[in-house]
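Written below as structure tokens is the structure these notes are about.
Lettering of chains follows the sequences in order, A, B, ..., and the numbering in each one begins at 1.
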Amino acid sequence: MKNTVPLKNNNEFLKIYKKGRFQAGKNVVLYVMKNRLSLNRLGITVSKKFGKSVKRNRIKRLIKENYRYYEELIKVGYDIVFVARKNDCMPDYFDIKKEIKFLFKKLDLFIE
RNA sequence: UGAGUAAGCCAGAUAGUCGCGGAUACAGUGCCGAAAGGCCGUAUACGAGGAAAGUCCGGGCUCCGUAGGGCAGGGUGCCGGGUAACUCCCGGUGAAGGCGACUUCAAGGAAAGUGCAACAGAGAUAUACCGCCUGUUGGAGGUUGGAAGUGAGAGGUUUGACCCCUUACUUCCAAUCUUCAGCAAGGUAAGGGUGGAAAGGUGAGGUAAGAGCUCACCAGCGGCAUGGCGACUUGCCGGCUAUGUAAACCCCACCUGGAGCAACACCGCAAAGAGGGACGUUAAGGUGGCCCGCCAGUCCCGGGUAGGUGGCUUGAGCUAUAUAGAAAUAUAUAGCCUAGAUAGAUGACUAUCAAAUACAGAACCCGGCUUAUAGACUUACUCAUUAU
RNA sequence: CGGGGUGUGGCUCAGGUGGUAGAGUGCUUGGUUCGGGACCAAGAGGCCGUGGGUUCGAGUCCCGCCACUCCGA
């Protein structure tokens, strides 16, 4: 991931939840805020309520993989946070892919 | 063939494309830096589990100055062995369950002492309500004996009265038996009916009625002998009966200082810990409950950062073989190096295999236990049925 | 990652020393009132988080799980 660094601090997450734009999907919620850098910063959050550690790791990996797929197609200079939502059945790779495409479109992040 | 018991093993594989982590090697007159080095790039091999989980035990390691003794507290609890250690493992003993293979068991002491045992029941750790028996008092009835009276008969003296004998009936007295009622009386604990439990069980003798009162067998207790390292087994003898509960206090034996890698050590940042104040050798303080012992300093106060490095993976390690042992396990030899992250690396897609799906993700490290778990396989054994 | 704590009527909590599980509030019914509230009386509602064990008998004692929650740089 060339243009992306991970987002680490808790207060950065809080800032994005408070001031950023968001769009909710079935399995994930996407928060987006402009930063003044020439890169994107990515954060993924999964709460303990989602499941045990295997499930939490699984959803994180699926989101990361899909972000990697779309990375070159989206605009630069944003903080992006994904929040996994608890659902009855575990989503697979293609569910997440579809949903992330939909969310990016809604928040107008694709390069024209 | 069916049903079952025990032990063990695997935890998708192969190929391709993209992606992640640390390690090693290489390269670029690349970027940052005074340098050490870091970042970017390429290649190579490696990269979660049988439970990584729960954190229930044990140990290593680190710090608390030392980690000593005693008390308290906590833990363990049939016997022998294994181990660094254990609440673990192996083998055995006993008890319980199963037709059996086999499984399960916190399995020391209740005769050191204390506590508790609701309700029910006559009575709850010994008692005596009912009952049974004896004694005694009274009533009723039967039998026997005696006395009196009446009637009848016979006899004697006879006019008769009267006397004697026999028999029947009535009354009274005594003895005895049966039965009923009572007793501030005694004996008894077989029977009643409650309860989880009523001071051994069954049968016979015995007795006024009964009772281990006596005897036989059984259970339990003690002693001796036998076999065994031992738990214990088997046999003989003795006394004659001992409620349950110790996952109630307790007694006995053994073990046990506390805290945890967010321990801890070093570096850096910061106006600043190389600071200030208080107490002190008769004392106070520390030793994470107390005392003794020991120590020589101890205690209190105020700000910020929450960064980096080490600890961090070569270890009670893994594999193979041999030897010792019944086994757990130990020893020897040879070979191997097999995650080490720090917001936290293993993922995605395609194809093939009949199918790829369970529980589930290392965080200082080991040995166990417990719990979760789709499917597939191997070995040994038991029972039932059929055929030979 | 490590160390603790708590689960009892719908809700907030007692009971923890083995012997029929209780309080307040809420709910239902009746009374009182013209009606409501307040008040009075009666009642329902619990296998004490869950699975075993010890015991004659566990909410209580012991062991294993589950859920929630607090603390530690």
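With both pairing distances under 3.5 Å, B/U166 is matched to B/A152 as a Watson-Crick or G-U wobble pair. B/G335 is paired with B/C318 under the Watson-Crick or G-U wobble criterion, all donor-acceptor distances under 3.5 Å. When both pairing distances are held under 3.5 Å, B/A13 makes a Watson-Crick or G-U pair with B/U352. Across all strands shown, B/C18 is found opposite B/G347 as a Watson-Crick or G-U wobble partner, with both distances under 3.5 Å. Pairing partner, B/U144: B/A174, with both Watson-Crick or wobble hydrogen-bond distances short of 3.5 Å. Base pairing analysis places B/A23 opposite B/U44; the two distances defining the Watson-Crick or G-U wobble pair are each below 3.5 Å. In a base pair of the Watson-Crick type (N1 to N3 plus N6-O4 or O6-N4) or a G-U wobble (N1-O2 and O6-N3), with each distance short of 3.5 Å, B/G135 is matched with B/C183. Of all nucleotides present, none satisfies the Watson-Crick or G-U wobble test against B/A128 with each distance under 3.5 Å.
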Next item on the list: Determine, stepwise, if the pair A/Ile80 / A/Leu30 fulfils side-chain contact (heavy atoms from CB on, under 4.5 Å).
Entry: CA-CA 7 Å; A/Ile80 297 165; A/Leu30 179 59; 3.5 Å; yes
Item checked: Candidate pair A/Val32 and A/Asp79, rule side-chain contact (heavy atoms from CB on, under 4.5 Å), full reasoning -> CA-CA 6 Å; A/Val32 173; A/Asp79 287 342; over 6 Å; no
Note to self: For a side-chain contact (heavy atoms from CB on, under 4.5 Å) check, start with the C-alpha distance between A/Val29 and A/Gln23, then their side-chain angles and the critical distance, and finish with the verdict.
What the structure shows: CA-CA 6 Å; A/Val29 183; A/Gln23 184 69 43; over 6 Å; no
Next item on the list: Mind running side-chain contact (heavy atoms from CB on, under 4.5 Å) on A/Ile59 and A/Ile96 for me, showing each step along the way?
Entry: CA-CA 9 Å; A/Ile59 196 81; A/Ile96 299 289; 4.1 Å; yes
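At least one donor-acceptor pair under 3.5 Å links the side chain of A/Lys75 to the backbone N or O of A/Asp108. Within the 3.5 Å criterion, the main-chain N or O of A/Lys60 finds no donor-acceptor partner in the side chain of A/Asn57.
Candidate nucleotides B/G361, B/C349, B/G347 were compared by shortest atom distance to the side chain of A/Val54, and B/G361 ranks first. Between B/C349, B/G361, B/G347, one nucleotide has an atom nearer to the side chain of A/Ser53 than all others, and that is B/G361.
Whole-Å rounding puts the A/Asn66 CG to B/C349 C1' distance at 11 Å. The nearest whole Å value for the distance from the NZ atom in A/Lys52 to the P atom in B/A51 is 17 Å. Atom CZ in A/Arg68 sits roughly 10 Å away from atom P in B/C18 (whole-Å rounding). The distance from atom CZ of A/Arg56 to atom C1' of B/A363 is 14 Å, rounded to the nearest whole Å. Between the OH atom of A/Tyr67 and the P atom of B/C20 there is a distance of 14 Å, given to the nearest Å. The interatomic distance linking A/Asp95 (CG) with B/C349 (P) rounds to 11 Å, in whole Å.
Here the separation of B/C251 from B/C264, taken at their P atoms, is 39 Å to the nearest Å.
Taking 3.5 Å as the limit, the base of B/G19 and the side chain of A/Glu65 contain no donor-acceptor pair of atoms between them.
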Next item on the list: Toss me the dot-bracket line for RNA chain C: Watson-Crick and G-U wobble, both under 3.5 Å, 5' to 3', using | for pairs to another strand and [ ] for crossers.
Entry: (((((((..((((.....[..)))).(((((.......))))).....(((((..]....)))))))))))).
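For the pair A/Phe104 and A/Leu73, the minimum side-chain heavy-atom distance is 4.5 Å or more. Side-chain contact between A/Phe50 and A/Lys55 is present, with at least one heavy-atom pair separated by less than 4.5 Å.
Remark: A/Arg68 does not engage A/Glu71 in a salt bridge, criterion side-chain N to carboxylate O under 4.0 Å.
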Report all interatomic pairs (protein N or O, nucleotide N or O of nucleotides 342-346 of chain B) with separations under 3.5 Å.
residue: B/U346; atom: OP2; partner: A/Arg61; partner atom: NE; Å: 3.3
residue: B/U346; atom: OP2; partner: A/Arg61; partner atom: NH2; Å: 3.2

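Looking at heavy-atom distances under 4.0 Å, A/Ile44 makes no contact with the nucleic acid at all.
Both tests do not hold together for A/Lys101 against A/Tyr70: distance to the six-membered ring centre under 6.0 Å, angle to the ring axis within 45°.
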